[in-house]
Amino acid sequence: MSTESTNPILFTNPILEVKNLSLSYGKRQILRNLHFQIPEKSITVFLGSSGCGKSTLLKSLNGLLLENKEASMEGEIFLSGENLTKQKEKRLEQIAMVFQNPSPFPFSIYKNMTYALEYYGIKNKAEQKELIQQKLKDVGLWEEISGELHRSALSLSGGQAQRLCIARALCIEPKILLLDEPCSSLDRLSTLKIEELLQELKNRYSIIIVTHNLSEAKRIGDQILFFHEGELWERGTKEDFFAHPKRPETKEFLEGEW
């Protein structure tokens, strides 16, 4: 049911390809026959009304959802041309996720950063220190907290905590970064900092973000995918999608009639 666009951004250098992806919880089908590509080094925005399956799709892409024994998935997921459908651990490593509410672990800032490194076998202290400093610099936190790395991460502001979670996710150098409503609980200033950060990070990573904020999608999106009731109904570049929606339902959504 999707409306294809011929704009080259949809097909040039795809890093991720999803083929005929469907997902169910028990007898309830959540996602239906999804097929799309994610361009390399870009920001793709998933849009759609609440309950249409956007967040479920994110968790399907990195394999996290399959921890739920009631979930079953059909279809294929290719990363850089490699079929990772049945390689859950590799998907978790290569496709990192940051959740809606800032979720630092309940210990120090430094230990938050070493947690993923040690899990994936990076235990050399000098290497850890170098990586932690670099990733905190990448998200604009190093100058703010470099002298307080052993304080509780729970003491950070909402915006700082979300940037810490992004830095933590980037420690193992994933190819793709997934973000589920990363700014929904943040104030305007913190939101703009996160958006600016994502614009910088897309020079090195491919980013997929779920948001209900149409203004945010217009500010940072390169490709827009619009979902309804578990199906991909429309996709296009930011300019094409917002200026020339192909379906009347898309136009109604953009005009706030849903």
Side-chain angles (χ1 to χ4, degrees), residues 1-23 31-48 52-66 73-98 166 169-170 172-180 182 198-211 216-228 230-242 244-247 250:
M1 295 189 64
S2 61
T3 299
E4 300 292 344
S5 168
T6 57
N7 194 295
I9 190 173
L10 300 180
F11 303 102
T12 301
N13 298 322
I15 189 170
L16 183 75
E17 183 170 10
V18 171
K19 293 184 176 181
N20 301 318
L21 178 66
S22 296
L23 185 132
L31 304 174
R32 297 176 180 83
N33 302 318
L34 302 181
H35 189 119
F36 58 87
Q37 296 174 330
I38 299 298
E40 188 173 22
K41 295 181 179 178
S42 65
I43 298 178
T44 295
V45 177
F46 289 175
L47 284 178
C52 71
K54 304 183 300 299
S55 296
T56 298
L57 176 56
L58 280 193
K59 296 172 187 175
S60 300
L61 294 179
N62 78 340
L64 184 63
L65 197 69
L66 298 183
M73 191 187 82
E74 297 178 356
E76 296 177 301
I77 297 173
F78 293 83
L79 182 63
S80 300
E82 181 181 2
N83 192 334
L84 296 186
T85 307
K86 297 182 179 180
Q87 300 186 53
K88 185 177 68 175
E89 287 297 323
K90 193 165 185 179
R91 275 156 63 193
L92 284 169
E93 181 179 355
Q94 294 293 308
I95 306 176
M97 185 163 179
V98 176
I166 294 173
L170 296 179
I172 55 172
E173 286 296 338
K175 291 184 177 180
I176 296 177
L177 180 63
L178 311 176
L179 302 109
D180 189 3
L198 296 180
Q199 294 280 29
E200 295 172 358
L201 290 176
K202 79 173 184 180
N203 294 315
R204 284 176 288 158
Y205 306 95
S206 302
I207 297 171
I208 304 174
I209 178 173
V210 166
T211 181
E216 183 170 79
K218 290 178 181 179
R219 287 193 295 267
I220 68 172
D222 295 309
Q223 177 182 213
I224 309 293
L225 273 63
F226 177 66
F227 296 89
H228 179 66
E231 296 182 342
L232 175 57
W233 274 22
E234 189 164 340
R235 65 177 179 172
T237 62
K238 170 175 59 179
E239 293 78 11
D240 186 51
F241 178 83
F242 284 105
H244 307 289
K246 306 295 188 300
R247 301 176 64 107
T250 309

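We number each residue from 1, following the sequence as shown. Every heavy atom of this structure was used, including side-chain atoms; hydrogens, water molecules and symmetry mates were not. The structure presented is a predicted model; accordingly, all values stated were derived computationally and were not measured.
Using a 4.5 Å heavy-atom cutoff, the side chains of Ser22 and Leu31 are not in contact. You'll find the side chain of Leu16 reaches within 4.5 Å of the side chain of Ile208, heavy atoms only. For the pair Asp222 and Lys202, the minimum side-chain heavy-atom distance is below 4.5 Å. Taking the side chain as every heavy atom from C-beta outward, Met73 and Thr85 approach each other to under 4.5 Å. Taking the side chain as every heavy atom from C-beta outward, Leu179 and Ile166 approach each other to under 4.5 Å.
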- Evaluate the criterion side chain to side chain contact (heavy atoms under 4.5 Å, CB included) for residue pair Lys238 and Ile220; output intermediate values, then yes/no. CA-CA 9 Å; Lys238 170 175 59 179; Ile220 68 172; over 6 Å; no
- Item | Chi angles and distances behind the side chain to side chain contact (heavy atoms under 4.5 Å, CB included) call for Met97, Leu58 | CA-CA 8 Å; Met97 185 163 179; Leu58 280 193; 3.9 Å; yes
- Task: Show your working on side chain to side chain contact (heavy atoms under 4.5 Å, CB included) between Leu232 and His35 and close with a plain yes or no.
- Result: CA-CA 8 Å; Leu232 175 57; His35 189 119; over 6 Å; no
- Item | Intermediate values then yes/no, side chain to side chain contact (heavy atoms under 4.5 Å, CB included), Leu57 and Phe36 | CA-CA 12 Å; Leu57 176 56; Phe36 58 87; 4.0 Å; yes
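Not a single donor-acceptor pair under 3.5 Å links the side chain of Thr237 to the backbone N or O of Gln223. Remark: the backbone N or O of Asn83 is paired with a side-chain donor or acceptor of Gln87 at under 3.5 angstrom. Glu234 places a side-chain N or O within donor-acceptor distance of the main-chain N or O of Lys246, the cut-off being under 3.5 Å. Side chain of Arg91 to main chain of Ser60: a donor-acceptor pair is present (N/O by atom type, distance under 3.5 Å, no hydrogens or angles).
Taken from OG1 in Thr250 to CG in Leu47, the straight-line distance is 10.0 Å, to the nearest 0.5 Å. The distance from atom CZ of Arg204 to atom CD of Glu40, rounded to the nearest 0.5 Å, is 14.0 Å. Summarising the geometry, atom NZ belonging to Lys218 is positioned 10.0 Å from atom CZ belonging to Phe241; distances are rounded to the nearest 0.5 Å. Note that CZ of Phe78 and CG of Leu84 are 9.0 Å apart. Values are rounded to the nearest 0.5 Å. In this structure, CG in Leu79 is found 11.5 Å from CG in Asn62, a value given to the nearest 0.5 Å. Atoms CD1 and CD1, from Ile43 and Ile38 in turn, are 12.0 Å apart once rounded to the nearest 0.5 Å.
In terms of the salt bridge (charged side-chain N to carboxylate O under 4.0 Å, His left out) criterion, Glu200 has no residue partners (sequence neighbours excluded). A search for salt bridge (charged side-chain N to carboxylate O under 4.0 Å, His left out) contacts involving Arg32 returns nothing, not counting sequence neighbours. Residues passing the side-chain hydrogen bond (donor to acceptor under 3.5 Å, both in side chains) test with Glu216, sequence neighbours excluded: Thr211. The salt bridge (charged side-chain N to carboxylate O under 4.0 Å, His left out) check on Arg219 picks up Glu195, with sequence neighbours excluded. Shown here are the side-chain hydrogen bond (donor to acceptor under 3.5 Å, both in side chains) partners of Lys41, two or more places apart in sequence or in another chain: there are none.
The two residues Leu177 and Ala169 come nearest to each other via the heavy atoms CD1-CB, 4.0 Å. In terms of heavy atoms, Pro39 sits closest to Ser206 at O-OG, 3.7 Å. Across all their heavy atoms, Gly230 and Leu34 have their closest contact at O-CD2, 3.5 Å. Annotation for Phe226 and Gly48: closest pair CE1-CA, 3.9 Å, computed over non-hydrogen atoms. Residues Ala217 and Phe242 share a closest heavy-atom pair of CB-CZ, 3.9 Å.
Using a cutoff of 4.0 Å between basic side-chain nitrogens and carboxylate oxygens, Lys54 and Asp180 are not scored as salt-bridged.
Judged as a salt bridge (Lys or Arg N to Asp or Glu O under 4.0 Å), the pairs with a partner in residues 74-83 (not counting sequence neighbours) are, in order, Glu82-Lys90.
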